[in-house]
There are 2 protein chains.
Amino acid sequence: MTPRAYGQFCGLAHALDLLGERWTLLIVRELILGPRRYGELLAALPGIGTNLLADRLKALEANGIVQRSTLPPPASVAVYELTESGEELLPLVGGLALWGLRLLDEQPEGETARASWMALCMMAAGRRRGWRGAETTIAVTVDGERLWFCLAEDGITISEGQPRDADVRLTCDRRTFLALATGELTPDDARLEIEGSRRTLQRALTVMRLTIGEPAMHLSL
Amino acid sequence: MTPRAYGQFCGLAHALDLLGERWTLLIVRELILGPRRYGELLAALPGIGTNLLADRLKALEANGIVQRSTLPPPASVAVYELTESGEELLPLVGGLALWGLRLLDEQPEGETARASWMALCMMAAGRRRGWRGAETTIAVTVDGERLWFCLAEDGITISEGQPRDADVRLTCDRRTFLALATGELTPDDARLEIEGSRRTLQRALTVMRLTIGEPAMHLSL
DNA sequence: CGGAATCCTCTTCGATACTG
DNA sequence: CAGTATCGAAGAGGATTCCG
């Protein structure tokens with residue numbers, strides 16, 4: 001099943017046997033946001049090629065990191081989702097994303113960008129710093145992409161779609177969202193579409209603030 | 001430089017552009033233990049092939065993750081070592097190693113094994129749990145491989161070679177070391193070559209205990 | 001001898017076309 | 001919509017050779 005394994009009795013080598021091939025961790029990244037259909041994954045991963053996606057999903061399923069399931073009727077469509085082992089990758093994927101973010105140049109220049117990729121980094125940054133206070137839900141719509149954060153003392157989560165009840169709702173374009181995430185822009189000095197408390201949004205953004213292309217903030221385990 | 005980049009403005013995708021190719025993170029794993037010569041890396045990574053190692057090292061150097069330096073005279077040999085960015089990968093490499101370890105079968109069956117790979121996992125496990133108390137140095141010699149742990153309140157480190165002054169010295173073979181690491185064996189019930197306090201060794205092994213091939217201990221960020 | 005560059009074969013990737 | 005089949009191009013792995 002793994003024709004090109006490292007053949008080392010080592011946790012890292014084994015992790016890389018399971019996750020180290022091209023695209024695999026990006027598939028996991030997409031599934032962190034929730035169950036996904038085959039076609040959605042294909043669209044979210046420009047350049048992957050359908051055979052590769054099929055191969056990777058098969059391998060991930062065989063290794064117990066991803067499972068296929070069928071959404072309850074009336075949807076009744078097949079989706080892929082993370083298993084428990086797969087969910088445990090969240091802090092590692094988040095940590096890698098933060099590490100890579102600081103080494104990233106500011107300029108996309110031809111690169112595709114998605115709010116959910118930024119949001120994943122924001123979640124990871126927020127988990128590092130920790131949220132103190134009442135559970136807070138923040139819904140954002142960025143260039144039509146809808147997702148929401150839930151900040152609580154026992155962790156920050158992120159999902160696609162719309163929450164039942166949001167404390168704050170933010171609508172903007174991707175540039176503005178990035179500027180808010182990096183702290184370049186604050187909810188106050190911009191005329192943004194915000195429903196709810198700008199203060200609450202500000203607090204959340206501070207906890208989840210990203211640093212892009214900057215030397216080094218100290219990483220602790 | 002990276003002809004096969006993901007082209008996504010995403011921290012994770014960028015991290016994988018820098019680290020995601022085959023062998024790259026295993027090279028980082030080796031360098032976590034200290035600076036290494038080209039030939040040592042070649043020997044520590046069975047199967048890599050000399051051109052691949054040269055390519056990877058060049059890419060890692062170009063990306064500021066690894067740097068070449070020359071050991072002070074009289075050694076005066078060229079070695080590769082991690083930069084600050086490279087050092088920051090330690091918790092991530094450790095986390096991946098622990099994740100992979102639990103999905104690893106007990107059986108090596110033809111796989112090569114090294115005490116230092118186990119030791120890296122032990123360090124990561126120990127950092128999760130944390131060490132309370134006085135700084136403690138433990139030297140181990142496993143099938144001739146010498147390395148040592150330094151357990152302190154602000155983190156656990158591991159190096160190859162011999163410490164100036166060890167609180168405990170342990171000498172055994174790899175099987176015994178693995179059994180001690182997993183808690184299958186304790187310093188008391190084995191007749192081992194131990195210099196120093198068995199109690200201290202026991203405390204350290206408890207903090208750094210590994211679980212191999214077991215369902216799931218809760219991972220926190 | 002340590003530190004690579006070269007050559008050659010095999011596998012994997014990525015894109016397109018095709019099928020249940 | 002959810003994959004499988006096919007094929008040229010790029011990457012991996014091994015041996016050998018070159019350089020200092």
Side-chain angles (χ1 to χ4, degrees), chain A residues 1-8 13 16-27 30-31 35-63 66-71 73-81 110-112, chain B residues 1-8 13 16-27 30-31 35-63 66-71 73-81 110-112:
Chain A
M1 203 71 244
T2 51
R4 204 172 265 185
Y6 288 112
Q8 299 181 357
L16 293 174
D17 281 339
L18 301 177
L19 304 169
E21 281 178 303
R22 197 162 163 72
W23 295 109
T24 301
L25 275 176
L26 296 186
I27 294 172
E30 295 303 318
L31 295 180
R36 284 287 178 282
R37 304 177 58 165
Y38 186 89
E40 294 176 304
L41 290 172
L42 211 51
L45 299 168
I48 191 177
T50 172
N51 56 343
L52 255 279
L53 178 57
D55 286 355
R56 296 295 182 264
L57 286 171
K58 231 172 289 178
L60 283 167
E61 199 182 348
N63 292 321
V66 158
Q67 61 196 4
R68 289 187 59 153
S69 72
T70 306
L71 251 41
S76 299
V77 294
V79 291
Y80 295 89
E81 61 188 3
E111 299 197 324
T112 66
Chain B
M1 202 71 240
T2 50
R4 206 172 263 187
Y6 289 111
Q8 300 180 356
L16 293 173
D17 281 339
L18 300 178
L19 304 169
E21 284 180 302
R22 200 163 160 72
W23 294 108
T24 301
L25 275 177
L26 295 187
I27 294 171
E30 293 304 318
L31 295 181
R36 284 287 178 283
R37 307 178 58 166
Y38 184 89
E40 293 176 305
L41 290 172
L42 211 52
L45 299 167
I48 191 178
T50 172
N51 55 346
L52 255 280
L53 178 58
D55 288 353
R56 294 296 183 262
L57 286 171
K58 232 172 288 179
L60 283 169
E61 199 182 347
N63 292 322
V66 157
Q67 61 195 1
R68 292 186 56 150
S69 73
T70 306
L71 250 42
S76 299
V77 294
V79 291
Y80 295 90
E81 62 189 1
E111 298 198 324
T112 65

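Hydrogens, waters and symmetry mates play no part in the numbers below; they use all other heavy atoms, side chains included. Keep in mind that this is a model prediction, so the values were computed, not measured. Each chain gets a letter, A, B and so on, in the order the sequences are listed, and its residues count up from 1.
In this structure, B:L53 places its CG atom 10 Å from C1' of C:dG3, rounding to the nearest Å. A:L42 places its CG atom 13 Å from the C1' atom of D:dT4, with the value rounded to the nearest Å. Following rounding to the nearest Å, A:I48 (CD1) and C:dC13 (P) show an atom-to-atom distance of 10 Å. Note: CG (B:L52) to C1' (C:dG3) measures 16 Å, nearest angstrom. What separates CG of B:D55 from C1' of D:dG14 is a distance of 14 Å, to the nearest Å. Spacing between atom CD1 of A:I27 and atom P of D:dG3 amounts to 12 Å, rounded to whole angstrom units. At whole-Å resolution of the value, CD in B:E61 and C1' in C:dA4 are 14 Å apart. B:R37 places its CZ atom 10 Å from the C1' atom of C:dC1, with the value rounded to the nearest Å.
Between B:Y80 and C:dA4 there is a side-chain polar atom (N or O) within less than 4.0 angstrom of OP1 or OP2. Taking 4.0 angstrom as the limit, A:K58 places none of its side-chain polar atoms (N or O) nearer than this to OP1 or OP2 of D:dA2.
Side-chain to base pairing of B:N51 with D:dG14: one donor and one acceptor N or O lie within less than 3.5 Å of each other.
Among the nucleotides C:dG14, C:dA4, D:dG13, the one closest to any side-chain atom of A:W23 is C:dG14. Taking the side chain of A:R56 as heavy atoms from C-beta on, and the options C:dC13, D:dG3, C:dG14, the nearest nucleotide is C:dC13. Residue A:Y38 places its side chain closer to D:dG3 than to any other of C:dC13, C:dA4, D:dG3. Each of D:dG13, D:dG11, D:dA15 was ranked by its minimum atom distance to the side chain of B:R4; first place goes to D:dG11. The B:R22 side chain lies nearest to D:dA12 when the options are C:dC13, D:dA12, C:dG3.
Remark: side-chain polar atoms of B:R22 are not paired, donor with acceptor, to backbone N or O of A:G20 under 3.5 angstrom. Side chain of B:Y6 to main chain of A:W23: a donor-acceptor pair is present (N/O by atom type, distance under 3.5 Å, no hydrogens or angles).
When B:Q67, B:R68, B:R37 are each tested for a side-chain contact (heavy atoms from CB on, under 4.5 Å) with B:V79, only one passes: B:R37. Among A:I27, A:D55, A:L31, the single residue meeting the side-chain contact (heavy atoms from CB on, under 4.5 Å) criterion with A:L60 is A:I27.
Across all their heavy atoms, B:D17 and B:R4 have their closest contact at OD1-O, 4.3 Å.
Side-chain contact check for A:L26 versus A:I48: every heavy-atom pair is 4.5 Å or farther apart.
Taking the six-membered ring for Trp and thresholds of 30 and 60 degrees, B:Y38 and B:Y80 have ring planes inclined between 30 and 60 degrees apart.
Stretches of at least 3 consecutive Watson-Crick or G-U wobble pairs, with each checked distance under 3.5 Å, appear in DNA chain D as C:1-19 with D:2-20.
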